[in-house]
Amino acid sequence: VAIRGDRQALRAVSSCLACQSERVRRFVGKAVLHIADRGDRTAVEVVAEYLEHEAREVRKATLRALETVATQNGTHSVETVAQRLEHQDAEVRAAAIKALKRVGTIGHPVVLAAIHRRLNDAEPHTRCAAVEALAAMSRKGDSDSFDRVRRSCLDRELDVRKMAARKLGQIAEKNSLSAIKSVGTLLQHKDEEVRESAVDSLLDVADRNNLNMLHAISLRLESPSAGGRRAAARG
């Protein structure tokens, strides 16, 4: 019988995250709690090591395990995951961003600051993950997060621009005039997919009978850009 919190025993159980059987991988989090308390520093550290595994299915299983083992907003849990945001492998950084959503809570300043650093990551995939995570972890109406995601609409990669345009509606305060105007300007964006995402965000931000939204759309209907008019008409 293992001593509760014993690192060697925790390593033995956590190693099952790399098992070929998905059924076994799914059980690791619960198994860890049989030999450690939730939020146990050693348990979180040992499980988090598998965020660096080369296999995507192992990293995915690790996210589930961390959600079970770590305490939300536990300072050590957040810091342990955030360390992987500096990893040389972009897939590990992206996995760490996703893990922060599991161990942090909405509006946690340390979590938000960690995500901010990856908005300028060298890899588009990681920047997309950061935009998505920032939208998920920000409080409604957080103007700083809104502005950061809005700037990502200018990213050099289309996938990031599209993700950012879509997530603006998730952050903005409902029926906020400034948000409606800001998202409305994206209806004239050069990329059709960004314009489509902006329409979705606009519909998230405003009620369909919101006069400010209708005004923003009507202005785009007069746009010299055919793409801008099509996007506005869809709204």
Worksheet item: Can you list every side chain to side chain donor-acceptor pair (under 3.5 Å) pair that touches residues 161-170, not counting sequence neighbours?
Response: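 Matches after skipping sequence neighbours: Arg161-Asp191, Lys162-Glu193, Arg166-Asp204, Lys167-Gln170.
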Can you tell me if [X] uses its side chain to pair, donor with acceptor, with the backbone of [Y] under 3.5 Å?
X: Arg41; Y: Ser77; result: no
X: Arg25; Y: Gln20; result: yes
X: Thr126; Y: Ala90; result: yes
X: Arg118; Y: Arg127; result: no
X: Ser182; Y: Ser178; result: no
X: Arg84; Y: Thr80; result: yes

Reported [atom1]-to-[atom2] distance for the pair [X] and [Y], which is rounded to 0.5 angstrom:
X: His125; Y: Asp159; atom1: NE2; atom2: CG; value: 10.5 Å
X: Leu66; Y: Leu100; atom1: CG; atom2: CG; value: 10.0 Å
X: Leu51; Y: His87; atom1: CG; atom2: NE2; value: 9.5 Å
X: Leu112; Y: Arg139; atom1: CG; atom2: CZ; value: 8.5 Å
X: Leu17; Y: Lys60; atom1: CG; atom2: NZ; value: 14.0 Å
X: Arg7; Y: Ser14; atom1: CZ; atom2: OG; value: 10.0 Å

Beyond-backbone contact of [X] with [Y], side-chain heavy atoms, under 4.5 angstrom:
X: Asp155; Y: Val131; value: no
X: Glu49; Y: Thr62; value: no
X: His34; Y: Val13; value: no
X: Glu132; Y: Lys98; value: no

Heavy-atom closest pair, residues [X] and [Y]:
X: Ser201; Y: Gly169; result: OG-N, 3.0 Å
X: Arg59; Y: Glu54; result: NH1-O, 3.1 Å
X: Ala172; Y: Phe146; result: CB-CE1, 3.8 Å
X: Ala129; Y: Ile97; result: O-CG2, 3.5 Å
X: Ala198; Y: Val183; result: O-CG1, 3.4 Å
X: Val32; Y: Ala43; result: CG1-CB, 3.9 Å

Worksheet item: Which is it for Arg102 and Val81 under the side-chain contact (heavy atoms from CB on, under 4.5 Å) test, yes or no, and what are the steps along the way?
Response: CA-CA 10 Å; Arg102 309 289 183 99; Val81 171; over 6 Å; no
If two hydrophobic side chains count as joined below 4.5 Å and joins carry through other members, does [X] share a cluster with [Y]?
X: Phe27; Y: Val69; answer: no
X: Leu168; Y: Leu203; answer: yes
X: Val110; Y: Met137; answer: yes
X: Val58; Y: Val44; answer: yes
X: Val92; Y: Ile115; answer: no

Worksheet item: Does the side-chain contact (heavy atoms from CB on, under 4.5 Å) test come out yes or no for Leu158 and Val194, once each step is laid out?
Response: CA-CA 8 Å; Leu158 174 59; Val194 172; 4.0 Å; yes
Worksheet item: So Arg148 and Leu134, side-chain contact (heavy atoms from CB on, under 4.5 Å) or not? Walk me through it.
Response: CA-CA 9 Å; Arg148 289 176 187 273; Leu134 184 57; 4.1 Å; yes
Practice prompt. Would you indicate whether Arg56, at its atom CZ, is surrounded by more than 12 heavy atoms from other residues, nucleotides or ligands within a distance under 6.0 Å?
Written response: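 Counting other residues, nucleotides and ligands, CZ of Arg56 stays at 12 neighbours or fewer.
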Worksheet item: Counting heavy atoms not belonging to Lys140, are there more than 12 under 6.0 Å from its NZ?
Response: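 Yes.
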Practice prompt. Please step through side-chain contact (heavy atoms from CB on, under 4.5 Å) for the pair Val47 and Thr68, ending with a clear verdict.
Written response: CA-CA 11 Å; Val47 171; Thr68 301; over 6 Å; no
